[in-house]
Amino acid sequence: MKNMDLGLNGKVALVTGGSRGLGRESALSLAREGANVAICGRTQDTLDDTVNELKGLGGVCIGVVADVSDTSSVGYLHTAVTEALGPIDILVNNAGGTRSREDISATLIEDFKGTFDLNVFGAFELMQHVIPSMKSKGWGRIINIASIWGREYGGNISYMSAKAALIAASKHAAIALAKDGILVNSIAPGSIEHPGGSWERFQNDNTTEVVENFIKDNLPLGKFGWPEPLGDLVAYLASDRSGLITGSCIVIDGGQSVSMI
Ligand SMILES: NC(=O)c1ccc[n+]([C@@H]2O[C@H](COP(=O)([O-])OP(=O)(O)OC[C@H]3O[C@@H](n4cnc5c(N)ncnc54)[C@H](OP(=O)(O)O)[C@@H]3O)[C@@H](O)[C@H]2O)c1
């Protein structure tokens with residue numbers, strides 16, 4: 001089969017939360033395609049492990065300890081990456097999660113805001129940091145990792161609201177930047193299992209019956225998702241091959257979501 005050259009050789013990519021899970025898989029896919037990849041996370045050890053894996057693929061790769069929910073950390077992250085690798089061509093806002101698992105009655109406003117800090121405000125700030133250099137090059141790719149639970153009911157109120165906001169911000173930015181050669185898309189994964197991830201914890205913390213019922217009721221493929229297809233989707237969206245795709249929210253969920261939008 002002929003290779004689909006994604007043309008990412010020498011491009012500079014930043015993947016937030018790139019040390020584990022979906023971010024790690026995205027970073028690996030980009031590095032395999034020849035990009036020089038920076039990743040961030042809060043824990044030095046896991047960052048180091050993944051940076052070593054990335055370096056094994058041949059490119060120049062760095063890890064930066066940074067918390068995307070902290071504004072000062074985000075500014076530092078952008079500076080550290082551009083000083084080491086040059087202006088960022090591909091931004092993958094992947095780090096995310098929730099600060100509360102409660103419903104409307106029990107969620108503390110601090111946790112609701114904190115979930116926006118983690119999923120939306122850090123991503124928003126990083127987008128603002130990278131846009132000027134992308135504009136001057138006339139080329140850029142921004143990929144924001146949302147969730148099917150930002151498109152339809154699911155999870156908790158903080159997470160669902162924050163991911164919906166991230167999808168909306170991606171759409172708005174895409175229209176604003178379309179004429180500058182900068183494509184902005186979001187990805188909405190379903191339940192994807194990986195070592196140390198929330199769905200692995202769910203399976204460890206619940207009985208076989210609960211897990212089997214969850215799979216039967218929610219996962220048409222009869223199993224949890226796996227991260228490699230998401231990594232490949234990120235690499236494709238980062239390439240020139242995806243030139244007609246902007247402002248989209250692409251679902252990658254094995255048929256899990258029930259929304260038709
Ligand atoms: N897995 C799924 O089923 C699923 C489904 C839908 C959407 N998503 C979304 O996909 C993204 C990745 O999910 P995942 O399952 O791979 O998540 P994960 O298992 O929580 O992995 C998170 C990665 O992000 C880093 N991280 C966590 N908090 C951070 C912070 N405040 N600042 C910087 N880095 C941080 C972690 O490293 P440290 O802990 O060292 O910081 C790790 O590298 C998230 O936005 C999540 O909401 C996941």
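All heavy atoms count here, side chains included; hydrogens, waters and symmetry mates do not. Counting starts at 1 for both ligands and their atoms, in listed order. Position 1 is the first residue of the sequence, and the numbers go up from there.
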Just jot down the ligand 1 atoms closer than 4.0 angstrom to any heavy atom of [X], in number order.
{"X": "S191", "result": "3 (O)"}
{"X": "H194", "result": "14 (P), 15 (O), 16 (O), 19 (O)"}
{"X": "S19", "result": "37 (O), 42 (C), 43 (O)"}
{"X": "I192", "result": "1 (N), 2 (C), 3 (O)"}
{"X": "G21", "result": "16 (O)"}
{"X": "Y159", "result": "6 (C), 7 (C), 8 (N), 9 (C), 46 (C), 47 (O)"}
{"X": "W199", "result": "2 (C), 3 (O)"}

Only heavy atoms count here, so choose which of [options] is nearest to [atom].
{"atom": "atom 5 (C) of ligand 1", "options": "G63, G190, G197", "answer": "G190"}
{"atom": "atom 6 (C) of ligand 1", "options": "P195, S198, P189", "answer": "P189"}
{"atom": "atom 30 (C) of ligand 1", "options": "V15, D67, I187", "answer": "D67"}
{"atom": "atom 44 (C) of ligand 1", "options": "I145, N94, N119", "answer": "N94"}

Same cluster (ILVMFWY, side-chain, under 4.5 Å), L30 and I187 = yes
Does [X] reach ligand 1, in the sense of a heavy atom lying below 4.0 Å from it?
{"X": "A66", "value": "yes"}
{"X": "P227", "value": "no"}
{"X": "K163", "value": "yes"}
{"X": "F224", "value": "no"}
{"X": "A146", "value": "yes"}

Which residue and atom name correspond to the protein heavy atom nearest [atom], and how close is it?
{"atom": "atom 29 (C) of ligand 1", "result": "R42 NE, 3.5 Å"}
{"atom": "atom 24 (O) of ligand 1", "result": "G17 CA, 3.1 Å"}
{"atom": "atom 40 (O) of ligand 1", "result": "T43 OG1, 2.5 Å"}
{"atom": "atom 34 (N) of ligand 1", "result": "G41 CA, 3.5 Å"}

Classify the contact between L118 and ligand 1 as side chain, backbone, both or neither, using a heavy-atom distance cut-off of under 4.0 Å.
-> side chain
[X] to [Y] - nearest heavy-atom pair and separation:
{"X": "V15", "Y": "S26", "value": "CG1-CB, 4.4 Å"}
{"X": "T107", "Y": "S100", "value": "OG1-OG, 3.6 Å"}
{"X": "I192", "Y": "I252", "value": "CD1-O, 4.4 Å"}
{"X": "L85", "Y": "V37", "value": "CD1-C, 4.1 Å"}

Charged N-O contact under 4.0 Å between D89 and R141 = no
Using 4.0 Å as the upper bound for N to carboxylate O, is an ion pair formed by R99 and E110?
-> no
For residues [X] and [Y], is any side-chain donor paired with an opposing acceptor at under 3.5 Å?
{"X": "T16", "Y": "N94", "answer": "no"}
{"X": "K163", "Y": "N119", "answer": "yes"}
{"X": "D70", "Y": "S72", "answer": "yes"}
{"X": "D180", "Y": "W139", "answer": "no"}
{"X": "N156", "Y": "T98", "answer": "yes"}

Going by heavy atoms in the side chains, are [X] and [Y] under 4.5 Å from each other?
{"X": "L28", "Y": "T50", "value": "no"}
{"X": "I182", "Y": "T246", "value": "no"}
{"X": "L230", "Y": "E25", "value": "no"}

Report yes if some N/O of [X] lies less than 3.5 Å from some N/O of ligand 1; otherwise report no.
{"X": "V68", "result": "yes"}
{"X": "L22", "result": "yes"}
{"X": "R20", "result": "yes"}

Heavy-atom protein neighbour under 4.0 angstrom from atom 16 (O) of ligand 1 = yes
